[in-house]
Amino acid sequence: MQNEKVALFIIFGGSGDLARRKLYPSLFRLYQKGYLKDHFAVVGTARRPWTNEYYHNIIKESLADLKPDDAQATAFADHFYYQSHDVTNTEHYVVLRDLAAKLDQKYQLNGNRIYYMAMSPRFFGVIAGHLKSEQILTDAGFNRLIIEKPFGHDFQSAKELNSEIRTSFSEDQIYRIDHYLGKEMVQNISAIRFGNNIIESLWNNRYIDNIQITLSESLGVEERAGYYETAGAMRDMVQNHISQIATLLAMEPPVSFSAEDIRNEKIKVLRCLHIDTIEEAKRNFVRGQYGAATIDGQQLDNYRDADQVATDSNTETFVAGKMEFENFRWSGVPFFVRTGKRLAQKATRVDVVFKQVPQNIFKAASDNDELAPNVLTIYIEPTEGFGLRANAKQIGQGYATRPVDLDFRHSARATANSPEAYERLLLDALNGDSTNFTHWDELAQTWRFADVIEQAWAQEPAADFPNYVSGSMGPKAADELLARDGAKWVFDPARPEIEN
């Protein structure tokens with residue numbers, strides 16, 4: 001049996017989509033594994049006038065994909081309590097305080113509390129303030145606040161929001177969640193880098209030509225169109241998920257694998273992140289918006305035709321750009337990043353492109369003067385694993401070369417039994433481990449970086465939207481961006497994969 005965790009969860013936004021799709025199933029998996037057992041309770045709050053009985057039915061419905069037996073699902077749901085709650089009403093916090101105290105005594109929770117903000121960020125500061133003023137925060141045990149993105153929409157708003165929350169919680173009590181940091185292969189970046197001398201010894205500008213980070217999605221904005229129209233791909237993906245992956249790739253080795261030492265190195269390398277000028281941002285980042293297409297007989301509409309999207313929307317559904325870290329290790333090595341909706345294939349991956357050998361002694365035996373580059377690929381999703389592309393002699397007469405892939409992928413069985421990202425992160429929060437959460441200093445620097453790009457785009461609204469066809473890999477400008485540095489995207493679904 002696992003070490004049982006003791007805590008009261010208070011989820012603001014307990015009736016929402018995030019709670020149903022991610023939080024309740026993740027808590028149930030922790031329950032199945034024994035991390036949560038007898039000494040835990042969950043209070044779900046929202047404006048809807050639900051009863052506890054109705055709430056329990058919602059909980060059990062959210063577990064349907066996990067196929068639990070009825071007795072276990074019922075026993076789990078019995079730990080859940082619902083409170084109809086207006087986050088702006090002080091009296092409702094008094095009721096919440098009394099309920100929390102009652103549950104603390106009933107389940108012997110020792111004053112341990114986790115507050116989860118699963119609702120609109122505009123209420124984060126209000127909720128945090130009331131938690132303190134109405135004395136819901138406990139003197140005994142721990143108080144930890146988990147915050148979902150978006151954390152602000154630019155640096156200034158994020159700074160103001162952070163100041164509001166810091167009046168009630170200290171930095172070490174705040175857990176800003178980025179679910180990408182809970183993914184198996186994102187966490188594997190550190191193991192691949194720092195656990196293998198053959199990799200770490202080559203992890204610098206002497207041997208690496210460029211690094212590419214791709215987060216491509218085959219779906220459009222779908223039901224998230226209203227949110228997406230206010231965010232765009234830069235705020236939704238680049239400022240947070242992509243920047244965090246880039247930081248893990250670029251950071252120096254920590255003194256130890258502790259939350260404090262890892263955070264220190266992440267902050268240190270982010271201070272080396274080059275903040276573009278407006279003119280540099282216009283050169284180094286390109287944007288796109290998907291247009292209509294017919295794929296497999298299905299008609300896909302323009303982004304601008306989606307509900308809640310303006311017919312002349314200037315919101316980007318695609319971003320490609322170049323990040324640069326100005327330090328001794330990475331000087332001269334571009335980090336090319338891209339993300340987009342309605343692209344050719346769903347894939348999250350990192351491609352580390354190594355420099356060529358000084359001289360190709362096999363060029364006389366080949367039609368191509370250049371050897372294919374060596375590439376280390378970290379596959380994050382939908383498959384998980386890593387591969388190394390190397391050059392080898394072709395079978396037959398002569399010494400013509402061809403690229404071959406040395407490839408490892410986790411089996412479907414292994415990934416099915418692997419903890420889901422939210423499950424990992426919730427357990428980390430229970431353990432007080434902030435390693436895989438975002439510190440304010442990291443967030444501040446990535447907002448400063450993203451703000452300049454947003455300002456550059458605001459000066460010159462895109463005149464060519466939509467500028468890429470659904471099912472492609474984005475606008476032509478994304479390929480031209482790399483071509484200026486003598487590079488090209490490694491991942492291109494239009495090109496056949498190399499045979500293993």
Side-chain angles (χ1 to χ4, degrees), residues 1-46 48 50-84 99-100 102-104 106-109 112-119 144 146 148 175 177 179-184 187 223 381-384 410-431 433 436:
M1 186 63 66
Q2 301 294 341
N3 181 23
E4 183 183 358
K5 308 304 174 186
V6 179
L8 170 66
F9 292 84
I10 300 178
I11 301 175
F12 295 93
S15 65
D17 183 61
L18 173 69
R20 298 192 204 201
R21 288 191 305 108
K22 297 295 184 182
L23 303 187
Y24 300 149
S26 295
L27 288 171
F28 182 69
R29 282 190 286 264
L30 294 176
Y31 180 75
Q32 286 181 309
K33 295 174 182 178
Y35 290 110
L36 298 176
K37 191 180 178 184
D38 299 322
H39 302 288
F40 85 99
V42 180
V43 176
T45 78
R48 299 176 182 181
W50 289 353
T51 63
N52 278 341
E53 183 179 10
Y54 185 80
Y55 187 41
H56 289 178
N57 290 333
I58 293 293
I59 300 301
K60 287 187 256 190
E61 287 173 7
S62 74
L63 309 179
D65 290 344
L66 302 179
K67 297 179 173 59
D69 63 66
D70 290 341
Q72 189 179 43
T74 298
F76 173 72
D78 283 345
H79 287 260
F80 285 69
Y81 299 81
Y82 184 79
Q83 181 188 324
S84 182
L99 175 59
K102 177 182 175 182
L103 296 177
D104 194 290
K106 178 178 180 178
Y107 292 98
Q108 300 176 342
L109 303 178
N112 294 334
R113 294 184 182 172
I114 291 180
Y115 313 92
Y116 202 115
M117 306 284 199
M119 59 190 309
R144 295 169 187 156
I146 302 179
E148 280 283 342
Y175 291 69
I177 200 165
H179 71 276
Y180 270 74
L181 294 180
K183 291 182 181 291
E184 178 67 42
Q187 295 188 355
E223 71 279 355
E381 62 180 0
T383 59
E384 300 176 355
H410 289 297
S411 68
R413 180 178 180 181
T415 55
N417 292 325
S418 175
E420 196 270 340
Y422 273 91
E423 177 188 344
R424 296 174 192 269
L425 296 175
L426 286 171
L427 183 57
D428 284 346
L430 282 164
N431 288 328
D433 183 355
N436 296 308

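We're numbering straight along the sequence, starting at 1.
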How long is the gap from [atom1] on [X] to [atom2] on [Y], to the nearest 0.5 Å?
{"X": "Tyr81", "Y": "Lys106", "atom1": "OH", "atom2": "NZ", "result": "3.0 Å"}
{"X": "Tyr31", "Y": "Gln72", "atom1": "OH", "atom2": "CD", "result": "6.5 Å"}
{"X": "Phe9", "Y": "Ile114", "atom1": "CZ", "atom2": "CD1", "result": "4.0 Å"}
{"X": "Ile10", "Y": "Met117", "atom1": "CD1", "atom2": "CE", "result": "10.5 Å"}
{"X": "Gln83", "Y": "Ile11", "atom1": "CD", "atom2": "CD1", "result": "13.5 Å"}
{"X": "Leu66", "Y": "Gln32", "atom1": "CG", "atom2": "CD", "result": "6.5 Å"}

May I ask you to test the [X]-[Y] pair for a side-chain heavy-atom distance under 4.5 Å?
{"X": "Ser15", "Y": "Ile58", "value": "no"}
{"X": "Lys60", "Y": "Phe76", "value": "no"}
{"X": "Leu426", "Y": "Ile146", "value": "yes"}
{"X": "Tyr116", "Y": "Leu18", "value": "yes"}
{"X": "Leu430", "Y": "Tyr35", "value": "no"}

Residue list, side chain to side chain donor-acceptor pair (under 3.5 Å) with Asp428, at least two apart or on another chain: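 Result, side chain to side chain donor-acceptor pair (under 3.5 Å) vs Asp428: Asn436.
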Side chain to side chain donor-acceptor pair (under 3.5 Å) partners of Asn52, counting only residues at least two apart: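 Asn52 satisfies side chain to side chain donor-acceptor pair (under 3.5 Å) with no other residue.
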Side chain of [X], backbone of [Y]: donor and acceptor closer than 3.5 Å?
{"X": "His56", "Y": "Thr74", "value": "no"}
{"X": "Asp104", "Y": "Ala100", "value": "no"}
{"X": "Tyr82", "Y": "Arg48", "value": "yes"}

Trace of the side-chain contact (heavy atoms from CB on, under 4.5 Å) decision for Lys5 with Leu427: CA-CA 9 Å; Lys5 308 304 174 186; Leu427 183 57; 4.0 Å; yes
Within residues 11-21 or reaching into it, pairs that qualify as salt bridge (Lys or Arg N to Asp or Glu O under 4.0 Å) - sequence neighbours excluded: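 Qualifying pairs, neighbours excluded: Asp17-Arg21.
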Test: Arg29 and Glu423 ion pair at under 4.0 Å: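 Looking at Glu423 together with Arg29, the answer is yes, because their closest N to O distance falls below 4.0 Å.
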Residues Glu384 and Lys183 bridged, charged N to O under 4.0 Å: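 No salt bridge links Glu384 with Lys183.
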Parallel, tilted or perpendicular: rings of Phe80 and Phe40 (30°, 60°):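 Phe40 and Phe80: perpendicular rings.
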Plane angle bin for His179 and Tyr422 - parallel if under 30°, tilted between 30 and 60°, otherwise perpendicular: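 The rings of Tyr422 and His179 lie parallel, inter-plane angle below 30°.
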Minimum heavy-atom distance between [X] and [Y], given as atom pair plus value:
{"X": "Ala46", "Y": "Gly14", "value": "CB-N, 4.4 Å"}
{"X": "Tyr55", "Y": "Gly44", "value": "OH-CA, 3.3 Å"}
{"X": "Glu4", "Y": "His39", "value": "OE2-N, 2.9 Å"}
{"X": "Leu109", "Y": "Leu8", "value": "CD1-CB, 3.5 Å"}
{"X": "Leu23", "Y": "Ala118", "value": "CD1-CB, 4.2 Å"}
{"X": "Asp38", "Y": "Tyr107", "value": "O-CD2, 3.4 Å"}

Steps toward side-chain contact (heavy atoms from CB on, under 4.5 Å) verdict (Tyr175, Leu425): CA-CA 9 Å; Tyr175 291 69; Leu425 296 175; over 6 Å; no
Asp65 atom CG: more than 12 heavy-atom contacts under 6.0 Å: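 No, the 6.0 Å shell around CG holds no more than 12 heavy atoms from other groups.
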